[in-house]
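What follows is a set of notes on a single structure, which appears directly below.
A, B, ... follow the sequence lines: proteins, then strands. Residue 1 opens every chain. Because the structure is predicted, anything quoted here is derived from the model rather than measured.
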Amino acid sequence: MSYKLDWAPIWNNRDLIIEGFVTTVELSALGLVLALAIGVIVGTAGSTNSRILRSGSAAYVELMRNTPLLVHMYIWYVALAFLQLPPFMCAVFGLALYSGAYVAEIVRSGIGAVPQGQRLVALATGLTSAQALLLVVYPQALRMVTPSLASICSQLIKDSSLASVITVAELTYQATAIEGQTFRTFEVYITISLLYLLLVTIVTYGLLLVPGARDDLEQRVSDA
Amino acid sequence: MPEVILKNLPFLLMGLRLTAEIAFVSIIGGTVLGVLVGVVRYFRVPVLAQVADIYIIFVRGTPLLVVLFICYFGFPTLLGYQARAYYAAVLGFILFIAAYLAEDIRAGLRTVRPGLVQAALATGLARAQVIRLVVLPIALRNVIPTFFNQYVRLFKFTSVASVIGVNELTGSAMLVNGREFAPIPIIGFIALTYLVCCFVISMVGRLLYSRLAVRA
């Protein structure tokens, strides 16, 4: 092996890496919020009794989920270039529409796992159907699907690396730039993959803590 | 079909063929590696199991694009060899998908009741035979749905190979677009192509599962 590992150039370029890391966090956070919004709407539509809403939801899920994310990004960045969206927003939309389909399936299965009786009882107590959904069905459904949502979330963070292809200066993009200047190929990619691992681990464990908080809430509700 | 697609269809189909080829080789390779890693972890083979754990944590925490960069730029500089984009991509896909499959097969291995393994051992089969003849046939049949989900995912992810210069479907579409500049029909066409292919893979999975699932 003639190649000698040298980590100094990575450390010297830490500003770029931090900048990229922050952009990755922003990109993922925005993408995730939109994906959750899309997923909850489409997933709820998929679990209604209306056939039109159900098939609309299924069509959305199949259409979005069976197209590569890279193609989603190219759609916003290249095919819809006349919209003149900044690359960052193209990446956010691509990520959100793509991951939203996965979230929708999870939300749908979560709602399906809440016994029908829960909703009926809620309606019988005089809640409107929106209230029944918001106050009775969603809290139970979302708690059940938190682990799946956590895994979607970690996938979304990793998928955000594809934004580098459409020139968003996130972590992978900065790594490529540093590699181009320093030729410390192996070191730089190992560094960023460890950073992704760190981010994914923190977010996943953070999300898995949520049900605990909710159990506490449940306790307080039952005490009241 | 728009004229620009018809005119470039042979080129795009060549890209599709390459996509299919990469996906096929990666699926086979990834499944073999994934099952091996899964079995090593299941039986807690010393040293190997720890290596497998680290491999899985590392790959599952890393974006595919970075895995491909490591295979195309990282390993070759580290070990001093010339990489070809095609082989680097296939290597990357295999390493990537195997980590997920290895994790998925755990669920399948759990469906094999311990009594069955003990019974097989009691009949005098060697451990390797028990794995090959008893454990894996049951486990593999039960993980068909999750495995095929991963295959669909991999098929979509083959598009990322275009970033390291493999002219598969997405790569050739972007080349065609560079010449013709008609992004909407071209990207629309490949999106539909991926859609159809993913559908077919899912259907195959569902068909296989309905035929082969082991009902307890």
Should we say atom [atom1] of [X] is surrounded by more than 12 heavy atoms from elsewhere, each under 6.0 Å from it?
| X | atom1 | result |
| --- | --- | --- |
| B/Arg44 | CZ | yes |
| A/Tyr205 | OH | no |
| A/Arg14 | CZ | yes |
| B/Leu6 | CG | yes |
| A/Tyr173 | OH | no |

For the [atom1] atom of [X] and the [atom2] atom of [Y], what is their distance to the nearest 0.5 Å?
| X | Y | atom1 | atom2 | value |
| --- | --- | --- | --- | --- |
| B/Ile70 | A/Ile190 | CD1 | CD1 | 4.0 Å |
| B/Leu78 | A/Leu5 | CG | CG | 6.0 Å |
| A/Leu162 | B/Leu64 | CG | CG | 7.5 Å |
| B/Phe75 | A/Phe186 | CZ | CZ | 5.5 Å |
| B/Phe69 | A/Ser161 | CZ | OG | 8.5 Å |

A/Val71 and B/Ala191 have their tightest heavy-atom pair at CG1-CB, 3.9 Å
Checking [X] against chain A: side chain, backbone, both or neither under 4.5 Å from a heavy atom?
| X | answer |
| --- | --- |
| B/Phe73 | both |
| B/Ser162 | side chain |
| B/Thr170 | side chain |
| B/Ile57 | both |
| B/Tyr100 | side chain |
| B/Leu195 | both |

Are [X] and [Y] side-chain neighbours, meaning at least one heavy-atom pair lies under 4.5 Å?
| X | Y | result |
| --- | --- | --- |
| B/Tyr194 | A/Asn66 | no |
| A/Thr185 | B/Tyr72 | no |
| A/Tyr189 | B/Leu65 | no |
| A/Tyr74 | B/Asn177 | no |
| B/Phe58 | A/Leu194 | yes |
| A/His72 | B/Lys156 | no |
| B/Phe199 | A/Glu62 | yes |
| A/Leu69 | B/Val160 | no |

Looking at A/Lys158 and B/Arg60, would you say the former's side chain and the latter's main chain have a donor-acceptor pair under 3.5 Å?
yes
Residue [X] versus chain B: region with a heavy atom under 4.5 Å:
| X | result |
| --- | --- |
| A/Phe82 | side chain |
| A/Thr204 | neither |
| A/Thr201 | neither |

Most contact-rich option vs chain B, by heavy-atom pairs under 4.5 angstrom, among A/Arg184, A/Glu187, A/Arg65, is A/Arg65
Interface check, chain B: of A/Thr172, A/Val200, A/Ile157, A/Leu80, most non-hydrogen pairs under 4.5 Å belong to A/Thr172
Among residues 96-119 of chain A, those lying within the under-4.5 Å heavy-atom range of chain B are A/Tyr98, A/Tyr102
For residues 28-40 of chain A against chain B, heavy atoms under 4.5 Å, the residues are none
Most contact-rich option vs chain A, by heavy-atom pairs under 4.5 angstrom, among B/Cys197, B/Pro185, B/Pro183, is B/Pro183
For residues 8-37 of chain A, the ring-ring contact (aromatic ring centres under 6.0 Å, His included) pairs (sequence neighbours left out) are none
Sorted by chain and number, sequence neighbours left out, salt bridge (Lys or Arg N to Asp or Glu O under 4.0 Å) with A/Glu170 holds for none
